[in-house]
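All chains are named by letter (A, B, ...) in the order of the sequence lines, taking the proteins before the strands, and each is independently numbered beginning at 1.
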2 protein chains.
Amino acid sequence: MTDTAKPRREQILDSASRLFSERGYHATSMRDLAGELGMQGGSLYAHIASKEELLIEIVNQASRQFDEALFTLRGEPMRADEKLREAMFRHIRVVADNMDSATVFFHEWKHLSPEAYGRVTGWRDTIDGFYRELVTQGVQEGTFRADLDVKMTAYLILSAVNWAYTWYRPGGSMSPREVADQFAEMLLSGLRA
Amino acid sequence: MTDTAKPRREQILDSASRLFSERGYHATSMRDLAGELGMQGGSLYAHIASKEELLIEIVNQASRQFDEALFTLRGEPMRADEKLREAMFRHIRVVADNMDSATVFFHEWKHLSPEAYGRVTGWRDTIDGFYRELVTQGVQEGTFRADLDVKMTAYLILSAVNWAYTWYRPGGSMSPREVADQFAEMLLSGLRA
DNA sequence: GGATGGGCCTAACGGGCGTTTGGGTCGGGC
DNA sequence: GCCCGACCCAAACGCCCGTTAGGCCCATCC
């Protein structure tokens, strides 16, 4: 083990993700956070500039992960149903692999300063756009029903993959792949007998 | 107009719902809240006992609305697909008619004291149970596919109706009925052509 | 017309907040 | 032997928090 411990700054970010997700950003004090790492509140400022910097970094990191997961799928030559299945898998995997920062991302982005706030709303539009494109492709190529409302369909898909942050438990009985396959199968084929 | 204005206490609850949903519970100060109503921070305590009392009341009110909307459906002699459509409509209507308190309900319940916190988790299990029962009924009567995973199906339905609080805008182009019909149609029949 | 009580104000309480400052300790490189 | 940088502490700064106390205004009612 050449480098046994993570850099202090990353440890701080990890603890901050956990505390922010459990208690919320404003309900977590810098002294709470420092206590988790066995130090005093003021000592944190040797490693970070401000509390908000932590929130910004957690949120940015999460949105980057979503981007990377989905954007590489954009131009792939796949049928829309297969692409939907894969996109849902990747989306849920990001949530499942980063439960804490994903929770912070969904809950605390409103507390960002205007610039960072704007970036998040922009991100949100991008993801919306990705799924709307996907649905449009499916309708055009005949894979999906022609009478679909593109916007509503995208909302339904987003609901399924985003809401997972409230109930999914890593280490439980289902892997992200299994969750995505089940959701995609139900969405694609419907619940009716 | 015999009683032109709402009781002061209700005005406070309304403003608190709006501010808590926009800024979050901990980021809203009692002086902020009082300012919305044109008074001083301390004056609020002529009408309420504490800040947490406001949160408890908002959350309780929201969960009562969900309960009333869904529980009256429980014993109704309807086929599962019709019942699902109606349940989703009622669920989304509660969200749409109470965007502020629904948002507070989904975001801020973690900040409740242990007793109130426990009541919310209990409520959550109840709603989960309602939708699982509904799916089970559908499978048993042959309305739904026999290979459905009851738990996952309930999660998918809950995702659709709950996530609406993030995107639905009252006064927009879609009524709760239309949203519910579209979602139910897609869920029941699937997206494939 | 005097008392009552609802509704609000000002002022203050103790305490916690995010952050800054100055200094101490300790291990590795010259 | 000395310095340097990383790391942390103790203490304090000014500010804002939720909440309380005491008093003023004024419509209503006996």
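Using a 4.5 Å cut-off on side-chain heavy atoms (C-beta onward), B/Ser101 and B/Gln65 make no contact. Using a 4.5 Å heavy-atom cutoff, the side chains of B/Tyr165 and B/Phe105 are not in contact. In this structure, A/Trp109 and A/Thr121 have side chains that are in contact, with non-hydrogen atoms separated by less than 4.5 Å. Residues A/Trp167 and B/Leu158 form no side-chain contact, since every pair of their non-hydrogen atoms from C-beta on lies 4.5 Å or further apart. Side chains of A/Arg124 and B/Thr166 form a contact here, defined as non-hydrogen atoms less than 4.5 Å apart.
Relative to the six-membered ring of A/Tyr25, A/Lys110 misses at least one condition, a distance below 6.0 Å or an angle of at most 45° to the axis. Annotation: cation-pi pair A/Arg132/A/Tyr155 present, NZ/CZ under 6.0 Å from the ring centroid and within 45° of its normal.
Looking at residues 17-27 of chain B, you'll see that no heavy atom sits under 4.0 Å from any atom of DNA chain C.
Put simply, chain B comes within 4.0 Å of DNA chain C, heavy atom to any atom, from C/dC8 to C/dA12, going 5' to 3'.
Per the geometry, CG belonging to B/Leu44 stands 13 Å off P belonging to D/dC17, to the nearest Å.
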- Task: Walk me through it: do A/Arg177 and A/Glu86 pass the test salt bridge (charged side-chain N to carboxylate O under 4.0 Å, His left out)?
- Result: CA-CA 9 Å; A/Arg177 176 105 259 167; A/Glu86 179 66 14; 3.3 Å; yes
Between the protein and nucleotides 6-16 of chain D, list the N/O to N/O atom pairs that are separated by less than 3.5 angstrom.
residue : atom : partner : partner atom : Å
D/dC8   : OP1  : A/Arg8  : NE           : 3.0
D/dC8   : OP1  : A/Arg8  : NH2          : 3.1
D/dC9   : OP2  : A/Gln40 : N            : 2.7
D/dC9   : OP2  : A/Ser43 : OG           : 3.1
D/dA12  : N6   : A/Arg31 : NH2          : 3.2

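A/Lys83 contributes no side-chain N or O that, together with a main-chain N or O of A/Gly138, makes up a donor-acceptor pair within less than 3.5 Å. At distances below 3.5 Å, not a single donor-acceptor pair connects side-chain atoms of B/Asp14 with backbone N or O atoms of B/Gln11.
Side-chain nitrogen and oxygen atoms of B/Tyr45 include at least one within less than 4.0 Å of the OP1 or OP2 phosphate oxygen of D/dT19.
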